[in-house]
Structure formats: structure tokens, C-alpha cells
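First the proteins, then the strands, lettered A, B, ... as listed; each starts at 1.
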Protein chains: 2
Amino acid sequence: MEHFFVTVAQYATLSEQSRQELVKQLQKQVLPRGTILVRPDTTCKCLYFIDKGLTRTYYLKDGKDITDWISDENSFACSIISFITRRPDRRGIEILEDTVLYVLHRDVLDELCARYHDIEHLFRMLVAHGLIQLQQKFDDLHFATALERYKILMQSNPSFIQRVPLGMIASYLGITQETLSRIRAQI
Amino acid sequence: MEHFFVTVAQYATLSEQSRQELVKQLQKQVLPRGTILVRPDTTCKCLYFIDKGLTRTYYLKDGKDITDWISDENSFACSIISFITRRPDRRGIEILEDTVLYVLHRDVLDELCARYHDIEHLFRMLVAHGLIQLQQKFDDLHFATALERYKILMQSNPSFIQRVPLGMIASYLGITQETLSRIRAQI
DNA sequence: CACCGCCTTTGACATTTATCAAAAACTCAG
DNA sequence: CTGAGTTTTTGATAAATGTCAAAGGCGGTG
């Protein structure tokens, strides 16, 4: 749970009491590779902090498996649209490596936010940070070529290239696996 | 200012005191078409609520003018990355029609968030909503063809097509103006 | 009302990436 | 070690969109 607090300290400072509340509410889970943490087309009721391991958010588009987001150590995994709107979303979450995570239920999160102003502040900052990450990903998709996007990924998350199968990387970058394979060949 | 409170009521309920504070802090501005509200490569220090009129967020990419976002009545305009990170961003904001807006300075917003828990909650909800909008736009860019994206825009914001020049619509949709012109011809 | 500047359309061609198909490489259970 | 299943690579071709160039249309100003 240490990692969780180190990570969130980047975004906000918590009172000791708020910290204790979070300690009480965060549920540790250890899950093997291949586990479906959230099924596609269901409602994502929890926020997951990844202490160790790797997950991906994915969905089916015209029968093809699309990786939407990849989360590794010290980051959050969540089907964010579903989580916010409280409605089902096509996105599911899969565990890609044996993973240790801390789970916070959406209702608990809302209650903690309502009860502790500093926790609400923390989550405002976390959502804002998520927005920035998504904007960055949007800009890359918009303006970088497939090769450039791959290079950006190599730089920002080199470990993904070792840990995640090529097909998943490809759809994450918004290209087909054939194109990614050719890009790899030319580097 | 009525419109502002009607709009934010969709996201959260405010106490009378918080409401009064916002009334006190929101600065009305009337600006003519063509005004640069935020210059590119500067820091966006304010959040703008558009009471009447139209704005666009834009930037230069390889000498080309790219429209990143369009905001009309009862929505917010902001160079969001700059606003959140408090750093300059390439994105600027231009007034496209004579516009009435309410301005909230970033520092004031933070102070109000710190002082009033319900205002912090409101802004957490607003950021979350922004994230959803951006994710929607990302998915469209990722998977819809140029024609489909144009149709989506016609459905979600039909007035933009009348009010915004073709070149700006095109870059907003992530295509060239030639391609958009051809799409229009074929509809 | 005529001209200038800007916005939009049209045409020819180039480029990037997707699609479909198949071969090659790798992985793991037996 | 072997073979089935999966992942990755390679090849040929097609589709979507971009680029460059030029012509048309439209509104406003002197």
C-alpha cells in the first residue's frame, strides 16, 4: 500500500485521518495473468491501483480486439467512462501478468470524497491528470505517424514493448499488427 | 450568469453560500469576434464560461492552423492542459463570434475549491465530464471514417457547421479541408 | 459596380496504412 | 523431442486521405 501513497503524494497531500480511511478501505487483491477484472459491456464499479503487474483496458470493435489503455506498476486501471457515468461500457480490463492491486469501490470513493475534502481534492487532481494523459494520446494519434507513435511509446513506456504482445501494442497505437511488425523491421 | 448556474447544476448542487461566492468571483466579459482570448504558447490562467457566442481552441502544427476544440453557448472554453499544469501550451483560444463570457481565474478557482468543499466537488465532476468528452472524441478519431466523423458532428453540434468556417471544421475533425469539401459534395 | 482577399471546390497524383493471404517463428504440453 | 496452437513476419493489393495546384464563388470596400 506504500506505493499507493507515494504515488498519490505527487498529486495532493492527505491528512493523517484521510490516509487512515484510505488504508481501511483499500482492498488488496492478488490475481493471476489472464483474469478478466472487468467484463466488457458491464459497469466498472472499482478503481484499481496496480502495485505490481500489468493490465490492459480493451474492447471488441467489429470483432477485433482493441487495446485502449495499458497500466503498469504505480498507476491506475479503470474503465473510466463506465466508472464516471456508472453505466456499462464496452471496455473491459484484463490482467496481463500476475498482479497485485488495491481496489477502491466507486461508492466508497464517493463517500470518502464527500466526507473528506482533501480526498475529494486528490481525486480532482487525479482526474485532471488523466485528462492530460488522454489529451497527449489524442494528439499523438492525430499528428504522429505510426512510426512516430511507436517511438514515443518506446521512450515513454519501454517496458510495454517487452511485456505486451505485439498485437495489443499495435491496436493501442491505433495501427494493425502487420503495420507494427513492418515498423519494427525498419528500425 | 443564470446560464452558468443552470449548466453546472447538471453536475452538482451548490450551497447558497458557494453560489454567492461564485457570483462574486465570476467576471463578465463582452468580446468581439476575432479577439485572441489566450495567445498560443502562453499559460491559460482562466476558465471561460460562454454565455453567448462561440470560441475555438487552436494551435499551429507545421505552419498549419489546427482547431482543437469548439465551444458554444453554455459550455466552457479553456486551454485545459495549460490550465491544469500551469504551464504554457501551444493551444490558444480565439473568439469566433461576438461573445459574452464569464471568467474565473485559476487561482480564484483553486481558492474556492479549497474553501468550499462543494465547489471542489463541482469541479471534480466538470473535469470528469471533460474527460468523457475527450474520450468520445478520441474514439471517433480512432475508428470513424472522415465521413462518419462529419455525420457525428452534424448530429451532435449541427450549428457548428453553419457557424464555423470549413477549414476549421476540417482540422477539428482531423482531416484536410479538401477532404471535407469532397465529403460535403457526396452527401 | 468592380476589384481584392478569402473561403471553398475540383482535379491529378502521392502516400500511408489497411486488408487479405500465407509462411515462418515461437511456446508449451505431452 | 514433437506437434498443435498462437504470435509474428512477409507479400501483394486496395482504400482512404493527404498534397499540390488552380479555378470558382462570395462578401465587403472604396
(request) Output yes when A:Glu21 and A:Lys24 qualify as a salt bridge under the 4.0 Å nitrogen-oxygen rule, no when they do not. (result) yes

(request) Please state how far atom CD1 in A:Ile169 lies from atom C1' in D:dT7, giving the value in whole angstrom units. (result) 13 Å

(request) Starting from P on D:dT17, measure out to CZ on B:Arg184 and report it in whole angstrom. (result) 16 Å

(request) Rounded to the nearest angstrom, tell me the gap between atom CD in B:Gln177 and atom P in D:dA23. (result) 17 Å

(request) Flag this pair as yes if the NZ/CZ of B:Arg19 is under 6.0 angstrom from the six-membered ring centre of B:Phe5 and inside a 45 degree cone about the axis; otherwise no. (result) yes

(message) Just the rounded figure in Å: distance from P of D:dA16 to CD of B:Glu178.
(response) 18 Å

(message) Quick check against the 3.5 Å criterion: does B:Ser71 have a side-chain atom that pairs as donor or acceptor with the backbone of B:Thr55?
(response) no

(request) Specify the closest pair of heavy atoms between B:Val38 and B:Cys44, including all atoms of both residues, with the distance to one decimal. (result) CG2-SG, 4.0 Å

(message) Tell me whether B:Asp68 is salt-bridged to B:Lys61, with the criterion being a basic N under 4.0 Å from an acidic carboxylate O.
(response) no

(message) If you go through the side-chain atoms of A:Arg182, does one of them form a donor-acceptor pair with the base of D:dG11 closer than 3.5 Å?
(response) yes

(message) What is the distance, to the nearest angstrom, from the CG atom on B:Asp62 to the C1' atom on D:dG18?
(response) 13 Å

(request) Report the distance from atom CD1 of A:Ile175 to atom P of D:dT9, rounded to the nearest whole Å. (result) 12 Å

(request) Grab the CZ-C1' distance between B:Phe143 and D:dA16 for me, whole Å please. (result) 16 Å

(message) Reading DNA chain C from 5' to 3', where do the contacts with chain B start and stop? Cut-off is 4.0 Å to heavy atoms.
(response) C:dT8 to C:dA12

(request) Can you sort out the partners of B:His105 under side chain to side chain contact (heavy atoms under 4.5 Å, CB included), two or more places apart, ordered by chain and number? (result) B:Lys45, B:Cys46, B:Asp107, B:Val108

(message) Can you measure B:Leu141 atom CG to D:dT17 atom P for me and round it to whole angstrom units?
(response) 11 Å

